[in-house]
Amino acid sequence: MPATVHVRELTADDLDAAWELGRFAFGSDPQRPAPAPSPVPGLTRYGAFDDAGRLVGKAVDLHHDQWWSGRAVPAADVAGVAVAPEARGRGVARALLGALLRGARERQAAISALYPTVAAPYRACGWETAGVLRTVDLTTALLPRHRPASHLTVRAGTRADLPAVDALYERVTRHRNGMLTRRGELFDVADRGLPGDAVTLVEADGELVGYATWQRGRGYGADSVLTVDEALAVTAEAARELVGVLGSWASVAPTLRLCPLDGDAVSAQLPLESAREHERDLWMHRPVDVARAVSARGWPAHTRGVVDFGLTDPLADWNSGTWRLAVADGAAELTRVGGEAELRLDVRGFALLYAGVAQARSVAQAGLLHHSPGVDPAALDLLASGGPAQLLDYF
């Protein structure tokens, strides 16, 4: 492959080649689906071309927003990265992701997440492991049963209930870190149907306090599985009611499959000690624009402090330099300062701290934070305030 790679946004004329590239990379069905419109609202497709004009790589920027402690932060979540086998190891992915970051910054995105098939190429481009989306299997008969609460109503949901379901999802997720807001053009579907096969609702005095969306699957033998796409509640009573309904499937669906949300009301009712891991999807994080990433999110109201640090980001050089982080009263600001700082952070270390994955001493031990002799790296724990991030959506 020639050394020169040209990266630009894909057009409708490029979509067949992009689909073929993705088919080889991900082993998709060779039957070409109906073409998607171009452009698609809420995403930007990028392609890398060799000197002969052949598409040798592609990537998609999904225009998501993520909740970070009560504030919606614009994100450039990455999907569909594929490189032609003849072009691998020649800098195509790096050129693609660099262009994607530049475009994302221009449209005011602050952060980025992705699910890698392999982590090393993304680490080389500044993303770092931030969490795992776990899918677990539970023995349905082990779910706790309880007497239905007389003040709660359990019923099947309809399309008319979907706005209330969306609102409850937001109540559960908005004060966490990393969760998609599920707002924006990618989620605005006029003819939206029920997710999965059905929705079960729990109401208290006409107000939605819990829901589960599920897929029945096939059969009713020993290998039958009830897949719960989502089960969320805002009260312990509603969570117990949902778990009781799911447990009622034990006679025909011996296995319950779901993605637990750490520390939420439903997970607190599940016998997770007996869970068997079905699937795990590693996800990674990085800043698009560090100043925007800090100012756009919410911060713990009780946290305050100031710390200077240097940052190195070879792929997004606008992030490199010496910065002062100031946090107070639930907000923060990152401003450029002169000189050299005694704490020097790699962009991957920034991602670990920002996502609450590790504290500064651990980041230093990983070689992603360097400091002058006698300087305590724990001063940068200020950047790690707010608890760990989590994703519940695969993209």
Side-chain angles (χ1 to χ4, degrees), residues 42-44 46 59-79 81 97-116 119 122-123 125-133 173-184 186-187 282-300 309 311-320 323 325 327 331-334 345-358 363 368 380 382-395:
L43 63 81
T44 307
Y46 290 90
V60 179
D61 169 10
L62 300 171
H63 304 181
H64 289 156
D65 287 338
Q66 296 177 7
W67 289 120
W68 287 80
S69 299
R71 293 188 185 178
V73 179
D77 290 337
V78 182
V81 179
L97 294 170
L100 186 150
L101 288 172
R102 288 190 295 273
R105 183 177 183 236
E106 289 174 3
R107 66 170 185 81
Q108 307 297 302
I111 54 178
S112 174
L114 56 82
Y115 287 94
Y122 297 102
R123 280 194 169 121
C125 292
W127 279 264
E128 187 48 76
T129 301
V132 175
L133 175 61
T173 60
R174 70 175 297 135
H175 295 291
R176 291 174 172 262
N177 289 337
M179 308 286 284
L180 299 194
T181 66
R182 297 184 184 168
R183 299 176 178 177
L186 281 173
F187 297 95
L282 187 78
W283 63 275
M284 305 180 80
H285 194 269
R286 71 124 55 226
V288 172
D289 184 296
V290 290
R292 195 174 295 139
V294 165
S295 63
R297 63 171 285 181
W299 296 82
F309 65 94
L311 181 65
T312 302
D313 187 346
L315 195 61
D317 58 2
W318 55 86
N319 290 326
S320 296
W323 297 91
L325 171 66
V327 182
E333 186 177 13
L334 206 59
L345 194 58
D346 183 275
V347 66
R348 290 166 53 204
F350 183 99
L352 287 172
L353 292 169
Y354 185 95
V357 177
V363 176
L368 300 175
L380 262 174
L382 186 64
L383 183 57
S385 305
Q390 188 174 6
L391 276 172
L392 197 56
D393 294 85
Y394 185 85
F395 44 81

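In this chain, numbering begins with 1 at the start of the sequence shown.
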Step-by-step side chain to side chain contact (heavy atoms under 4.5 Å, CB included) determination, Phe309 to Leu334: CA-CA 10 Å; Phe309 65 94; Leu334 206 59; 3.8 Å; yes
Please work out which of the three classes, parallel, tilted or perpendicular, describes the rings of Tyr354 and Trp299, given edges at 30° and 60°. perpendicular
Over 60° means perpendicular and under 30° means parallel, so classify the ring planes of Phe187 and His64, tilted if in between. tilted
pair [X]-[Y]: side-chain heavy atoms closer than 4.5 Å:
X	Y	result
Leu101	Trp318	yes
Asp77	Leu180	yes
Val78	Met284	no
Val347	Val290	no
Val357	Thr129	no
Asn177	Ser69	yes
Trp67	Arg176	no
Arg297	Ile111	no

Go through Val81 and Leu114 one step at a time and tell me if the side chain to side chain contact (heavy atoms under 4.5 Å, CB included) criterion holds. CA-CA 10 Å; Val81 179; Leu114 56 82; over 6 Å; no
Heavy atoms only: give me the nearest [X]-[Y] pair and the separation to one decimal.
X	Y	answer
Leu186	Gly42	CD1-O, 3.2 Å
Arg107	Asp61	NH2-OD1, 2.9 Å
Ala76	Ala104	CB-CB, 3.5 Å
Gly178	Leu391	O-CD2, 3.1 Å
Leu311	Trp323	CB-CD1, 4.0 Å
Leu282	Pro116	O-CD, 3.0 Å

Got a second to check how far [X]'s [atom1] is from [Y]'s [atom2], nearest 0.5 Å?
X	Y	atom1	atom2	value
Glu128	His285	CD	NE2	12.0 Å
Arg182	Asp393	CZ	CG	4.0 Å
Leu315	Tyr122	CG	OH	12.5 Å
Arg105	Ser112	CZ	OG	15.0 Å
His63	Gln108	NE2	CD	12.5 Å
Leu325	Phe350	CG	CZ	8.0 Å

Give a yes or no on whether the backbone of Asp346 and the side-chain of Thr312 come within a donor-acceptor separation of less than 3.5 Å. no
So, Asn319 side chain and Val288 main chain: donor-acceptor pair closer than 3.5 Å or not? yes
Lys NZ or Arg CZ of Arg286 over Trp127 ring: under 6.0 Å, within 45°: yes
What I want to find out is whether Asp65 reaches Arg183 closely enough, with some N-O distance under 4.0 Å, to be called a salt bridge. no
